[in-house]
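All remarks here apply to the structure that follows.
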There are 4 protein chains.
Amino acid sequence: MRRKETKERILEVALELFSERAYDNVSMEEIAKKVGLSKGGLFYHFSSKYELAKEALFYGFDQWAKTIFPKILSAKSPEDKFKALVDYSFEFILNNPKLSRFFLEVYEESIKHGNELEQWKGFYEEYLELFDSIFEELGVLNPRVRAILFGALLDGLTIHYLMAGEYFDIRDLKKEILEIFLTGRKA
Amino acid sequence: MRRKETKERILEVALELFSERAYDNVSMEEIAKKVGLSKGGLFYHFSSKYELAKEALFYGFDQWAKTIFPKILSAKSPEDKFKALVDYSFEFILNNPKLSRFFLEVYEESIKHGNELEQWKGFYEEYLELFDSIFEELGVLNPRVRAILFGALLDGLTIHYLMAGEYFDIRDLKKEILEIFLTGRKA
Amino acid sequence: MRRKETKERILEVALELFSERAYDNVSMEEIAKKVGLSKGGLFYHFSSKYELAKEALFYGFDQWAKTIFPKILSAKSPEDKFKALVDYSFEFILNNPKLSRFFLEVYEESIKHGNELEQWKGFYEEYLELFDSIFEELGVLNPRVRAILFGALLDGLTIHYLMAGEYFDIRDLKKEILEIFLTGRKA
Amino acid sequence: MRRKETKERILEVALELFSERAYDNVSMEEIAKKVGLSKGGLFYHFSSKYELAKEALFYGFDQWAKTIFPKILSAKSPEDKFKALVDYSFEFILNNPKLSRFFLEVYEESIKHGNELEQWKGFYEEYLELFDSIFEELGVLNPRVRAILFGALLDGLTIHYLMAGEYFDIRDLKKEILEIFLTGRKA
DNA sequence: AATGAATGAGGCTTCATTCAT
DNA sequence: CATGAATGAAGCCTCATTCAT
């Protein structure tokens, strides 16, 4: 109806639903209904549920990266960059608590579907690189390794936040993260 | 070999399958077949798929806790305890890469099913306590907060290991974890 | 409901419908309804539509072979055998005009489905052999080649009968077949 | 290159696809793509899939008749005509093995669609006539009946060729056909 | 304690067809 | 003439669950 934007509307709705509930618990029917489209219409734009999920994920990731990366990188000092990174990450976790689970699901689905694994590595590396570069600026000895840990921590927190959010005092967690991840730097 | 034992065999098989594939990707049929039982038989022992999954999860968790906790706690120094904790955790991650995902799934399923959320908190606390106590012995200032971070890191690593295991150098990761998590202790 | 016989009832209904309409024009829904079973029930007995069609075809073929072969072979002279063969074949064509089309369809479906082509050759040979042996008894010089022609002719007649049955004078056709196929025999 | 030509291009593509795969296994989408047209464009030229299939079939038949009939009829002796008929028929079978199946499908479809059965009889008669006239020239006693048999044999061979082509020795088959169909002629 | 048969709901996908532009 | 978007119906199949035996 409204030309080009239909596809984007679908992606938004899909991202929203997939981030709320598990891949298998969101039906094409439901997405279609929420977009205001027939099921067939969905398949006109995306060749399969998996394809839609994948594109929705990429769409969400792109949005996130485009918004957040520049803000982080524009901070003055390395320390401020890391602080900004932590701040934005927590904001993201709080707002998209199920996104990393969705990520995993789509990834697993991709394995079933003949997979284009390269794309996934690309993602992983892209955001690892951001962490890596910051840790390097900070003078951390093994920036890469610490970047991996930091990335894992974020996803782990996302998941635990879902299940035990009441235990979380965000302020305390942030402070503690700053403390332990800024440890052991070159003189 | 009857009575109780059938139930246990079911739990073992279920745990294995659920830990390998997602909740929705394991059918009762498949579990039954692998146990050597009919689908009907399964339902004699467990009232629903969800119930089976939950009990399988608890069963697995118990086994893990019973095996690992004593080993960790029997280490001499606090430092050795933490090292042991890290060692066993990595061993576990490598052997049960999908267990934490399964955990999350059952948790979410429990929300649909009228949920007994208390039980879940219990779990979370039980293993948080272990970490907490160790960090306390180590003289960490905010042992609880650090315990939360450590728990989250483990689950995060599990997930990332699934998706980007090639990037992982286990030895390096362990060393780095030891470095950052033993930081900032009382004099 | 009625134990074992359900499967056979399904086969009968399926054979009937598939012989009436094309493979793609018969739905599982319809078969189920006519059997008095739910769609799910069908899938309990047959793992897929193709599998059901294949078994239905085999079922039909078996019935035909079991009924007809002995009658043909019990005729006294070779000439009478051939006459009996022609008679029964026409009877069959008139009663099951779409069976050979169904045969072809299932065969083509089998190609899509990773195919067990050996089974099909088996069929073809089984009934070729019958023709072959009769032509041999009749002293035909190339019994095998003539058997192939005869088999093809039968299927061709079946199809043409569907489309232009009014042109067919069965009696004339039989007589002509007897004439041309008994030609050119050893002295 | 427009107007009429698009329509002809569609017919050619459709004929090709329909002759390769079954009616139900060729989608309008696929035809459109291969023609280099949108689905909508197809429907501009043909009011329905059935209509397209029917016209494609007629188109193919016309082409065949226009090319082959004259060649056959220009042979010197009746025997040579029949030989030419057999030769061209086999060539056609080998090149268009699924055409007769397509024919049947469109015919059946025509029954669903309120049908113009007369047209079909026309076809049947047109090519029966060719055979008929040749058999008459050859002095066969019941040329019409033999023509029916010959037509049926060709279609039967086409089908069997699809399923058991390895059993076919074309040369042998031709020789045998010549033998049996030239039998029983007026002195 | 267990089986086998069956149900019923829901899911993904395909596709001919329509129609505004 | 042709496109692109969308519909709606139908189809195959999966699966947790039930229940008579």
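In what follows, chains carry the letters A, B, and so on, assigned in the order in which the sequence lines appear, proteins first and then strands, with residues in each chain numbered from 1. Remember, predicted model here, so these are calculated numbers, not experimental data.
Checking E/dG11, E/dA6, F/dC13 against every side-chain atom of C/Tyr44, the shortest atom distance belongs to E/dA6. Listed candidates were F/dG8, F/dA5, E/dT17. Nearest to the side chain of A/Ser38 is F/dG8. When distances run from any side-chain atom of C/Ser27 to the nucleotides F/dG11, F/dT17, E/dT7, the shortest one goes to F/dG11. Nearest nucleotide to the D/Lys49 side chain, out of E/dA6, F/dC1, E/dA16: E/dA16.
At the phosphate of F/dA2, OP1 or OP2 sits under 4.0 Å from a side-chain N or O atom of D/His45. The shortest distance between the side-chain N/O atoms of A/Thr6 and the OP1/OP2 oxygens of F/dA6 is below 4.0 Å.
One atom, CE of C/Met28, and another, P of E/dT13, lie 20 Å apart when rounded to the nearest Å. For the pair C/Glu29 CD and E/dG8 C1', the interatomic distance rounds to 11 Å; values are reported in whole Å. Taking atom CD on D/Glu51 and atom P on E/dA16, their separation rounds to 15 Å, with Å as the unit. Rounded to a whole Å, the CG atom of D/Leu52 is 10 Å from the P atom of E/dT17. Here F/dA6 presents its P atom at 10 Å from CD of A/Glu5, a figure rounded to the nearest Å.
Checked against the 6.0 Å centroid threshold, A/Phe102 and A/Tyr23 do not count as a close aromatic pair. Between C/Tyr59 and C/Trp64, a ring centre-to-centre spacing not shorter than 6.0 Å is recorded.
With pairs defined as Watson-Crick or G-U wobble and both atom distances under 3.5 Å, the stems of at least three pairs that touch DNA chain F come out as E:2-21 with F:2-21.
Distance check: C/Asn25 CG to D/Glu109 CD gives 6.0 Å after rounding to the nearest 0.5 Å.
Using a 4.0 Å heavy-atom distance criterion, B/Val26 is classed as a sugar-phosphate-only contact.
One can find a donor-acceptor pair under 3.5 Å joining the base of F/dT17 and the side-chain atoms of B/Lys39.
Side chain of A/Lys49 to main chain of A/Val26: a donor-acceptor pair is present (N/O by atom type, distance under 3.5 Å, no hydrogens or angles). Here the side chain of A/Lys33 pairs no donor or acceptor atom with the backbone of A/Ser38 at under 3.5 angstrom.
By the 30° and 60° cut-offs, the orientation of the rings of B/Phe123 relative to B/Phe58 is tilted. Below 30°, between 30° and 60°, or above 60°: for D/Phe103 and D/Trp120 the angle between ring planes is above 60°, a perpendicular geometry.
Where C/Tyr23 and B/Ser48 meet DNA chain F, the nucleotide closest to each residue was compared, and C/Tyr23 sits on the side nearer the 5' end. Nearest-nucleotide positions on DNA chain E place B/Gly36 closer to the 5' end than the other of B/Gly36 and A/His113. Toward the 5' end of DNA chain E, the nearer of the two residues B/Leu42 and A/Gly40, judged by each one's closest nucleotide, is B/Leu42.
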